[in-house]
Amino acid sequence: MTSAASIADAIARLRAAGFVGKATPLADLDLPRIGHTAGIGEDVIHAVMVVEPSGGGFNRLKRWKMLFEPHVFRRNLSGAARTRAASLGLAYAALKPGAYPS
């Protein structure tokens, strides 16, 4: 199983390598190159492509879609930072299906 830290490291390596998407769908033959660059398996990339970006991998600004999870964000904050994030509607104690901010 791939950890969140190793996925974050892989994304950092892609950014450092200058990878910038053109907001076009990835083909199966793109996966080995991207996997090699990121140091992760093609199966991991494919799983993320299928599960995470409902409706496509890029948003209207042609950036990768990423699901911001306020309940996870809150779990990683404490004190004044947690209070401020909650007041802005960016952090809440429990998952609220369908209530994810853009």
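Tested against Arg33, the residues Leu31, Asp30, Leu29 include a single side-chain contact (heavy atoms from CB on, under 4.5 Å) partner, Asp30.
For the residue pair Pro70 and Leu90, the shortest heavy atom distance occurs at CB-O, 3.2 Å. Closest heavy-atom contact between Ala94 and His71: C-CB, 3.8 Å.
Of the possible donor and acceptor atoms, one in the side chain of Arg82 sits under 3.5 Å from a partner among the backbone N and O of Arg74.
Residue Tyr92 holds its OH atom at 13.5 Å from CZ of Arg75, rounded to the nearest 0.5 Å.
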